[in-house]
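What follows is a single structure, written as structure tokens, with notes after it.
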Amino acid sequence: MTKTTALLLAAAMALTACGSTAAVSSEAAAAAPEVTASPEEAAVEPAAETAVTYPLTVTDQLGREVTIETEPKTLASGYYISTSLLIALGVQDELVGVEAKADKRTIYSLSAPELQSLPSIGTAKEFDLEGCAALTPDLVIVPAKLKDSIPQMEELGLTVLAVKPEDQDKLYGAIDLLAQATNTVARGEKLKSAIEDNLLSLREAIGDAEAPTVYMAGNSSVLQTAGPAMYQNYMIENAGGLNAAASVEDTYWAEVSYEQVLDWDPDYIILASDADYDVDSVLNDAALADCTAVREGHVYQLPHAIEAVDSPVPGSFLGSVYLGSVLHPEQVSEQFYHDCADTFYTTYYGFTPASYE
């Protein structure tokens with residue numbers, strides 16, 4: 001295979017993943033055929049599900065062996081990530097209770113508005129044990145942070161699974177776990193393949209382009225950052241960047257100083273999806289005036305119109321694609337990101353985005 005042919009093949013693969021136009025390079029994009037897919041073609045095929053036999057024993061993401069006696073018909077989710085995943089698996093109609101503040105989540109209003117009026121079963125900090133039990137769900141899904149409350153839930157007769165999708169592999173593990181538990185294994189496999197195919201296309205498009213340094217700023221302050229233990233680090237790596245805070249050992253948002261940010265001198269500063277400050281406030285921060293990212297205007301906020309893509313929800317790969325289009329605009333076009341979002345949300349959530357940012 002010639003080098004030119006290999007480049008064109010890589011370009012075509014990148015096009016296929018999102019069903020539309022991706023820029024691998026201006027020359028390759030011009031030469032590669034355009035591949036498009038209609039929403040009907042993009043929809044998940046009604047393939048026969050892989051049979052799940054109950055009683056079913058699974059190992060959750062706390063390492064607990066849990067036996068599900070019969071196929072669950074009613075579900076309760078105390079975690080927005082598991083709720084979003086259950087929508088992507090197509091079992092949102094089985095939910096009878098969801099996490100607090102579900103009525104504030106845009107992705108629910110767009111994909112499954114009925115969820116926003118369901119009873120709340122609380123949060124990871126204030127879980128409503130009795131309220132959840134009163135709903136008599138066949139299966140309850142909670143974040144691993146609630147591990148100390150699980151014995152009480154079981155004493156109330158609840159069957160409980162804990163999820164902890166803190167990196168890409170564990171997100172896939174959460175998909176496998178809930179797909180097995182809800183008898184939607186085939187759809188779960190399609191969902192994982194869709195995510196992985198798009199990330200593969202992104203990596204192929206970026207190729208060996210030079211990796212810029214990226215400072216991922218936190219939700220409440222530009223002086224918070226994500227180290228290598230956080231999910232945001234995987235997004236940076238997927239997008240062909242280097243985490244400026246690679247030396248940080250914190251497992252949550254780390255507090256840093258202006259001096260530290262200036263010492264790292266990142267090429268890009270990226271604000272969290274749900275940051276309560278904006279790009280202009282960073283660009284106009286006198287204390288950061290000498291930072292390369294600020295000097296060159298390379299400050300951006302991750303998309304937030306639909307959901308926070310810097311959390312490990314099924315659509316989190318779109319954060320990587322968006323970031324790739326920011327860090328490597330010659331290799332990854334903005335249209336590629338839009339097409340990925342259109343195809344993914346149409347296929348797994350039943351709507352086409354009206355906004356991408």
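FYI, side chains are in, hydrogens and waters are out, and symmetry mates aren't considered; it's all heavy atoms of this structure.
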Within the side chain of [X], is there an N or O that forms a donor-acceptor pair under 3.5 Å with the backbone of [Y]?
X: His338; Y: Tyr356; answer: no
X: His328; Y: Gly240; answer: yes
X: Asn219; Y: Ala275; answer: no
X: Asn198; Y: Leu318; answer: no
X: Ser355; Y: Ala305; answer: no
X: Thr182; Y: Leu178; answer: yes
X: Tyr108; Y: Thr83; answer: no
X: Ser273; Y: Pro303; answer: yes
X: Thr123; Y: Glu126; answer: yes

Measuring only between side-chain heavy atoms, which start at C-beta, is [X] closer than 4.5 Å to [Y]?
X: Val66; Y: Thr57; result: no
X: Leu191; Y: Phe344; result: yes
X: Val214; Y: Leu242; result: no
X: Pro312; Y: Ile81; result: yes
X: Leu327; Y: Tyr268; result: yes
X: Leu223; Y: Ser257; result: no
X: Thr292; Y: Thr213; result: no
X: Gln116; Y: Ser109; result: yes

(request) With sequence neighbours left out, write down each residue that passes side chain to side chain donor-acceptor pair (under 3.5 Å) with Thr74, or none if nothing qualifies. (result) Asp138
(request) Using the test side chain to side chain donor-acceptor pair (under 3.5 Å), find all partners of Tyr277 that sit at least two apart in sequence or belong to another chain. (result) none
How long is the span from the [atom1] atom in [X] to the [atom2] atom in [Y], to the nearest 0.5 Å?
X: Gln92; Y: Leu85; atom1: CD; atom2: CG; value: 11.5 Å
X: Leu161; Y: Asp60; atom1: CG; atom2: CG; value: 6.0 Å
X: Tyr345; Y: Ile306; atom1: OH; atom2: CD1; value: 4.5 Å
X: Leu199; Y: Ser316; atom1: CG; atom2: OG; value: 8.0 Å
X: Gln61; Y: Ser82; atom1: CD; atom2: OG; value: 10.5 Å
X: Tyr348; Y: Ser84; atom1: OH; atom2: OG; value: 13.0 Å

(request) Verify whether one side chain among Tyr231 and Gln168 offers a donor that lies under 3.5 Å from an acceptor in the other. (result) yes
(request) Name all residues meeting the salt bridge (Lys or Arg N to Asp or Glu O under 4.0 Å) criterion together with Glu196; count only those two or more places apart in sequence or in a different chain, and write none if there are none. (result) Arg203
(message) Could you work out, with salt bridge (Lys or Arg N to Asp or Glu O under 4.0 Å) as the rule, every residue matching Lys192, not counting sequence neighbours?
(response) Asp176, Glu189
(request) Please list, chain by chain and in numerical order, all residues satisfying side chain to side chain contact (heavy atoms under 4.5 Å, CB included) with Ser111, sequence neighbours excluded. (result) Ile87, Ile107, Tyr349, Phe351
(message) Checking Leu56 now: which residues fulfil side chain to side chain contact (heavy atoms under 4.5 Å, CB included) with it, not counting sequence neighbours?
(response) Val52, Tyr54, Val58, Gln180
Which pairs would a plain distance check flag for residues 319-326, meaning a side-chain donor or acceptor within less than 3.5 Å of a matching protein atom at least two apart in sequence or in another chain?
unit_1: Ser320; atom_1: OG; unit_2: Asn238; atom_2: ND2; d: 3.3
unit_1: Tyr322; atom_1: OH; unit_2: Gln301; atom_2: O; d: 3.4
unit_1: Ser325; atom_1: OG; unit_2: Tyr322; atom_2: O; d: 2.6

Which residue pairs pass the salt bridge (Lys or Arg N to Asp or Glu O under 4.0 Å) test with at least one member in [range], sequence neighbours excluded?
range: residues 273-298; result: none
range: residues 86-113; result: Glu99-Arg105
range: residues 66-76; result: Glu71-Lys73
range: residues 246-273; result: none

(request) Going by the side-chain contact (heavy atoms from CB on, under 4.5 Å) test, name the single residue among Asp310, Val279, Leu302 that passes it with Ile270. (result) Leu302
(request) Could you walk me through whether Tyr80 and Glu307 pass side-chain contact (heavy atoms from CB on, under 4.5 Å), step by step? (result) CA-CA 10 Å; Tyr80 74 95; Glu307 60 181 335; over 6 Å; no
Distance-only donor-acceptor pairs under 3.5 Å for side chains of residues 153-160, two or more places apart:
unit_1: Glu154; atom_1: OE2; unit_2: Arg64; atom_2: NH2; d: 2.7

